[in-house]
Each structure stands twice: as C-alpha cells, then as structure tokens.
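For clarity, every value in this text was computed on a predicted model and none was experimentally measured.
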Amino acid sequence: MERLSRVQGWAYLGVVAVFLILAWPIVASFGQGLWGPAEPFLNGDFNGGWWLWWASAEFWRGSDWSQFVAYPDGAVSLARVIPNPTDMLLLGIGGAPTILKWNLVQLIHVLATLVAGVHLARAAGASRLASLAGMALVAGSPVMLHEVAGGRPSNLIVWPALLSLSCLIRGRAVWSGFWAALQIVLYLWHGAVL
C-alpha cells in the first residue's frame, strides 16, 4: 500500500514542479517584488485586497482602523472591488500584509488549485500522466497567469470546489459538502458556480 501511494504521488509533485519551472522568473523574485500588476497601488483589485487585509490586521490587533482612513467613504469605494472579503479578513489574523505574505498566499492558492485539479482528474479516471499534463496546461494558462498578474489571489481560490467535485465522484458526500461550504465561504462566486 505504501509503495502504491508513493507511485501515485508523482503526479501531484510533478504538477507543482512544472508550475515552478514555468514560473521560475516570478518565483525567483519571491521576496523582492509583489506578484501582481506593474503599478499595484494604482490597481483597484490589488488595492482592495491589500487594504482589507491591512484593515483586518488592525481590527484583530484591537486597533481602530477607521481612524487611519476616510471611513466610510474610503472603505465603500475599495469594497466594490472585493467580491468576497472572507479570505482577506482571515489573513489579517496573521498581521498586516507584506510583499512576502502576499506572494506566499498567491503561490499557495496556485499550487493548491493544481494539486486539487490532479486529484479531480484522477477521481474522474484520468491516468497520472494525463492528469499531470492537463494541470500543467492550466499552470501556464493565460487565465491563471492573468489572475496572478492582476493581484487577485481571491480569484485563485478554486481548489475547494475541485476537491468537492472529486469527493462527489468518489461517493464521499459529507466531504463533498464540507469542501463546497468552504468554497462558498472563501469565494462566493466560485461557490455559486459549484
């Protein structure tokens, strides 16, 4: 059984390796510059996420964050670009955003999506090689790279939906429901599609 698990695991590790190789110029600058738009603080998507993460960190620290912004006017204009704020509110527990934290969140969502995609493909009957190849295409797809380049880590949260579908295929209804609920909480629009 252990040998079988090791053999099957290469597809999961393989898709992570493919992404890291394809995105090496981005990954190599991990702690040096933001993954996102060229001028991040002029981008509404990025600004909304960064601001809400910061405001959440202030809230969790017990600080009155509204004293530092033109609340409610500033908050209302930024909130329009945040389709679902749950992930940013939760990220605030770990403190204010930094370049490294921002990049790490995006990387985790990308890798989790790729691994969950392999898991779904395997559950649907695809071979290890086919599931690896399919998700390698997703890793380098314009949509995936567009979301990273746009500074929208929330849009990358599709991995709970993929895990929900995988569990549904395998007849694990309770786990399917758990992952579906997590998808709805983390990103409402993807949850609605699921």
Student: If you look at every heavy atom in W54 and A96, which pair is closest and at what distance?
Tutor: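 So the two residues come closest at CD1-CB, 4.3 Å.
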Student: Picking from V105, I99, L100, what satisfies side-chain contact (heavy atoms from CB on, under 4.5 Å) with N103?
Tutor: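 Testing each of V105, I99, L100 against N103, the sole residue satisfying side-chain contact (heavy atoms from CB on, under 4.5 Å) is I99.
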Student: Of all the heavy-atom pairs spanning G191 and I184, show the shortest one and how long it is.
Tutor: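 Taking G191 first and I184 second, the nearest heavy atoms are CA-CG1, 3.7 Å.
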Student: Is there a donor-acceptor contact under 3.5 Å linking the side chains of W102 and T98?
Tutor: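 Result is no, nothing qualifies.
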Student: Sequence neighbours left out, what pairs pass salt bridge (Lys or Arg N to Asp or Glu O under 4.0 Å) with at least one residue falling in residues 48-61?
Tutor: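 The answer is E58-R61.
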Student: Do you know which two heavy atoms are closest between R122 and S131, and how far apart they sit?
Tutor: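 Smallest interatomic distance, heavy atoms only, reads CD-OG, 3.5 Å.
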Student: Which atom names give the shortest non-hydrogen contact between W53 and L91, and what distance separates them?
Tutor: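 Closest approach of W53 to L91, heavy atoms only: NE1-O, 3.2 Å.
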Student: Can any side-chain N or O of S176 pair as donor or acceptor with the backbone N or O of A173 at less than 3.5 Å?
Tutor: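 Between the backbone of A173 and the side chain of S176 there is no qualifying donor-acceptor contact (under 3.5 Å).
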Student: Could you state whether F46 and L89 fall into the same hydrophobic cluster, counting links through intermediate Ile, Leu, Val, Met, Phe, Trp or Tyr residues with side-chain heavy atoms under 4.5 angstrom apart?
Tutor: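 Yes; tracing contacts between hydrophobic side chains, which count when under 4.5 Å, links both residues.
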Student: Is there a path of hydrophobic side-chain contacts, each under 4.5 Å between heavy atoms, that joins V115 and L132?
Tutor: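 Yes, one cluster joins them.
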Student: Output, in order, the C-alpha distance, side-chain angles, deciding distance and verdict of side-chain contact (heavy atoms from CB on, under 4.5 Å) for W60 and W65.
Tutor: CA-CA 10 Å; W60 289 110; W65 56 269; over 6 Å; no
Student: To check you understand the geometry: which heavy-atom pair defines the closest contact between H109 and I157, and what is its length?
Tutor: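 For H109 versus I157, the nearest heavy atoms are CE1-CG1, 3.3 Å.
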Student: Which atoms form the tightest heavy-atom contact between A123 and I169, and what is the distance?
Tutor: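 Heavy atoms of A123 and I169 come nearest at O-CG2, 3.3 Å.
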Student: So how far is it from L120 CG to T113 OG1, rounded to the nearest 0.5 Å?
Tutor: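 Here the interatomic distance stands at 12.0 Å.
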Student: Any link between I93 and W51 through a network of hydrophobic side chains (Ile, Leu, Val, Met, Phe, Trp, Tyr) touching at under 4.5 Å?
Tutor: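 Shared cluster, yes.
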Student: To the nearest 0.5 angstrom, please state how far the CZ atom of R172 sits from the CG atom of L163.
Tutor: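 These two atoms lie 11.5 Å from each other.
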Student: For H119, give me all partners under ring pair (Phe, Tyr, Trp, His ring centres under 6.0 Å), at least two apart in sequence or on another chain.
Tutor: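 So H119 forms no ring pair (Phe, Tyr, Trp, His ring centres under 6.0 Å) with any residue.
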Student: Shared ILVMFWY cluster between L107 and M135, side chains joined below 4.5 angstrom?
Tutor: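 They do share one cluster, since a chain of ILVMFWY contacts under 4.5 Å joins L107 to M135.
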Student: Step by step, would you call S164 with L194 a side-chain contact (heavy atoms from CB on, under 4.5 Å)?
Tutor: CA-CA 9 Å; S164 175; L194 174 65; 3.9 Å; yes
Student: Output all residues satisfying ring pair (Phe, Tyr, Trp, His ring centres under 6.0 Å) with F178, sequence neighbours left out; order by chain, then residue number.
Tutor: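 For F178 the ring pair (Phe, Tyr, Trp, His ring centres under 6.0 Å) partners, ignoring immediate neighbours, are W175.
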Student: Do V158 and L186 share a hydrophobic cluster (ILVMFWY, side-chain heavy atoms under 4.5 Å, transitive)?
Tutor: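 They do not share one cluster, since no chain of ILVMFWY contacts under 4.5 Å joins V158 to L186.
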